[in-house]
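Data block below; observations after.
Throughout, a chain's letter reflects where its sequence line sits, starting with A, and its residues are numbered from 1.
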Amino acid sequence: MFRNQYDTDVTTWSPTGRLFQVEYAMEAVKQGSAAIGLRSSSHVVLACVNKAQSELSSHQKKIFKVDDHIGVAIAGLTADGRVLSRYMRSESINHSFTYESPLPVGRLVVHLADKAQVCTQRSWKRPYGVGLLVGGLDESGAHLYYNCPSGNYFEYQAFAIGSRSQAAKTYLERRFESFADSSREDLIKDAILAVRETLQGETLKSSLCTVSVLGVGEPFHFLDQEAIQKMIDTFEKVPEEEEGEAEVAAPAEQGGGADGLGDQDVAPMEM
Amino acid sequence: MTFTIPIDNGDALKNAETDSQRTLYPYVTGTSIVAIKYKDGVLMASDMGGSYGSTLRYKNIERVKAIGKHSLLGASGEISDFQEILRYLDELVLNDNMWDDGNSLGPKEVHNYLTRVMYNRRNKFNPLWNTLVLGGVKNGQSYLGMVSMIGVSFEDNHVATGFGNHLARPILRDEWHADLSFEDGVKLLEKCMRVLLYRDRSAINKLQIAKITEEGVTVSQPYSLKTFWEFQAFHNPTAGAQGSW
């Protein structure tokens with residue numbers, strides 16, 4: 001995508017019917033570090049890569065609990081993500097207060113999408129620069145949605161967003177048909193394996209990823225580091241070797257190697 | 001879109017002129033509602049009377065209505081406020097249906113919504129002068145609850161409003177048990193309604209019994225209860241009281 005004379009304002013259409021500012025906002029999502037979501041008929045797993053800016057700092061929080069039955073993983077401008085998570089928590093709690101009943105996740109994502117759409121149609125606003133993977137329950141079971149800065153939302157069996165997410169998506173595409181009937185443990189394992197794909201050969205350690213689970217009869221919670229490491233140990237016996245199932249993508253696939261700081265031209269606020 | 005709880009101008013108290021706009025006393029009222037959980041769902045009984053003070057003015061008022069797919073609402077107290085509540089619920093159910101997403105408001109959600117409405121109005125010193133009974137079935141679970149005009153809200157296996165609290169509930173406490181059949185449930189409700197008919201001056205002998213199960217709502221046609229007036233004490237009512245009284 002190159003600069004052009006129609007991309008200054010979100011309220012300016014291009015002659016080919018595009019809103020470039022919205023598309024640039026979607027680029028910001030692609031620069032953030034990866035977030036992955038998958039669901040079975042009864043559970044949703046959200047996982048993400050944690051990369052701290054430097055060894056001195058802690059890593060950015062990218063998965064948020066919205067309610068006992070809804071969680072969200074973000075990629076892109078994490079500040080925007082934090083604010084939207086707060087909005088989601090607020091909507092959820094207001095619904096619970098009035099109806100003493102959990103807000104169906106399908107309705108929450110529509111509220112969220114409508115909120116994002118507003119920012120694509122006001123000259124004094126900018127689109128949110130964050131993609132959200134919303135996992136939650138409603139009457140018809142477990143759901144996973146992706147909310148886009150454009151104001152669109154889609155339902156997925158499994159999805160990955162952020163940098164190097166294509167590797168994870170490829171892995172998920174091969175396996176997704178079995179997810180609906182997956183057990184909780186298999187679902188978590190697949191999530192961690194998908195995270196590994198985005199690391200491009202870097203050793204998978206529990207300190208590098210955050211995994212969260214929610215399901216029917218299981219409120220949203222994070223898995224602790226030991227549980228994650230145990231799961232990693234079941235399929236990565238020797239750190240250097242790549243085991244059977246994982247497809248090894250060509251090491252030089254995308255720029256910005258496996259060093260801890262990620263791409264050089266990613267702004268510090270984006271992680 | 002969020003559902004706004006319907007509230008009106010809170011400045012009513014400050015301005016004497018608008019003072020007359022808040023509810024001070026009821027005008028046309030309905031008397032008791034009696035409701036029980038039974039094997040397949042909930043049964044609710046009410047008479048069809050609307051009193052204007054001590055006059056039994058209206059005799060064809062339906063005080064039990066279906067709400068959405070899963071609930072039944074019965075009301076005693078001010079009839080116009082009941083109609084207002086029905087409008088709010090109509091809007092609520094409409095918005096719920098417009099989502100068209102497989103989720104629907106169950107009796108618990110409706111009960112809690114009504115509790116919020118009643119309590120909010122009470123806090124503004126402008127109550128909806130009703131005691132509401134909300135019953136329903138969703139996903140095999142029966143639900144029965146009550147909200148009063150001051151926002152007191154609770155659930156139970158059997159509820160009654162107004163005089164029913166004093167006359168019907170003792171009967172229900174003794175004779176209600178889980179898994180009543182439909183016939184036994186109706187018999188039990190009729191027993192309560194008969195006592196109310198004898199003893200509540202604002203009750204009329206024209207009642208409806210509504211039933212809600214997983215399949216849906218049925219409201220019976222209005223009918224009357226048999227009464228017995230040939231008690232000895234009624235034959236010569238002034239026997240024990242000589243004099244002008």
Side-chain angles (χ1 to χ4, degrees), chain A residues 39 41-42 44 66-70 84 86-119 121 134-147 151-157 180 214 216-217, chain B residues 1-7 67-71 73 85 88-89 91-123 132 134-141 143-147 151-156 214:
Chain A
R39 70 158 171 107
S41 51
S42 59
V44 184
V66 170
D67 203 335
D68 282 335
H69 68 295
I70 302 180
L84 287 177
R86 185 183 306 133
Y87 169 74
M88 291 165 76
R89 286 172 177 167
S90 173
E91 288 296 290
S92 197
I93 221 172
N94 285 340
H95 183 99
S96 283
F97 175 70
T98 310
Y99 303 101
E100 273 240 16
S101 191
L103 174 62
V105 63
R107 297 190 182 187
L108 178 61
V109 294
V110 176
H111 289 314
L112 198 53
D114 288 347
K115 195 169 160 70
Q117 190 279 340
V118 168
C119 298
Q121 212 176 2
V134 184
L137 302 175
D138 68 17
E139 268 179 53
S140 40
H143 297 269
L144 175 68
Y145 294 93
Y146 170 53
N147 278 69
N152 286 323
Y153 67 97
F154 309 94
E155 186 166 3
Y156 286 95
Q157 188 76 48
L214 70 96
V216 175
Chain B
M1 90 205 76
T2 39
F3 301 133
T4 43
I5 296 182
I7 45 178
I67 309 292
K69 291 194 288 263
H70 305 283
S71 314
L73 174 68
I85 290 167
Y88 294 153
L89 289 177
E91 197 181 323
L92 188 72
V93 170
L94 182 72
N95 285 323
D96 191 45
N97 288 339
M98 286 207 303
W99 280 101
D100 198 22
D101 63 353
N103 293 299
S104 55
L105 290 170
K108 178 156 102 127
E109 287 79 16
V110 178
H111 184 216
N112 280 288
Y113 172 78
L114 289 172
T115 308
R116 291 292 114 233
V117 172
M118 300 300 270
Y119 185 65
N120 262 280
R121 289 289 297 253
R122 164 260 200 194
N123 284 337
L132 304 169
L134 203 298
V137 188
K138 194 171 175 206
N139 297 333
Q141 293 271 49
Y143 186 92
L144 182 59
M146 212 166 102
V147 196
V152 174
S153 162
F154 58 89
E155 293 172 57
D156 208 338
E214 193 73 56

Ring-plane angle category for A/Y99 and B/Y113, please: parallel below 30°, perpendicular beyond 60°, tilted otherwise.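 Ring orientation of A/Y99 relative to B/Y113: parallel.
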Take atom OH in A/Y156; do more than 12 heavy atoms of anything else shown fall under 6.0 Å from it?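 Enclosed.
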Does B/Q141 have more than 12 heavy atoms from other residues, nucleotides or ligands lying within 6.0 Å of its CD?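 No, CD of B/Q141 has 12 or fewer neighbouring heavy atoms, counting only those of other groups under 6.0 Å.
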Atom group of B/S104 that falls short of 4.5 Å from chain A, counting heavy atoms: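 Both parts, heavy atoms under 4.5 Å.
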Who passes side chain to side chain donor-acceptor pair (under 3.5 Å) against A/H69, sequence neighbours left out?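 Result, side chain to side chain donor-acceptor pair (under 3.5 Å) vs A/H69: none returned.
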Among residues at least two apart in sequence or on other chains, which ones pass side chain to side chain donor-acceptor pair (under 3.5 Å) with A/S140?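 Applying side chain to side chain donor-acceptor pair (under 3.5 Å) to A/S140 gives A/D138, A/H143.
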How far does [atom1] of [X] sit from [atom2] of [Y], to the nearest 0.5 angstrom?
| X | Y | atom1 | atom2 | value |
| --- | --- | --- | --- | --- |
| B/N103 | A/L103 | CG | CG | 9.0 Å |
| A/E100 | B/K108 | CD | NZ | 5.0 Å |
| B/D96 | A/R107 | CG | CZ | 4.5 Å |

State whether A/E139 and B/K138 are salt-bridged, where the test is any N-O pair (Lys NZ or Arg NE/NH1/NH2 against Asp/Glu carboxylate O) under 4.0 Å.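 Counted as a salt bridge, because a side-chain N and a carboxylate O are separated by less than 4.0 Å.
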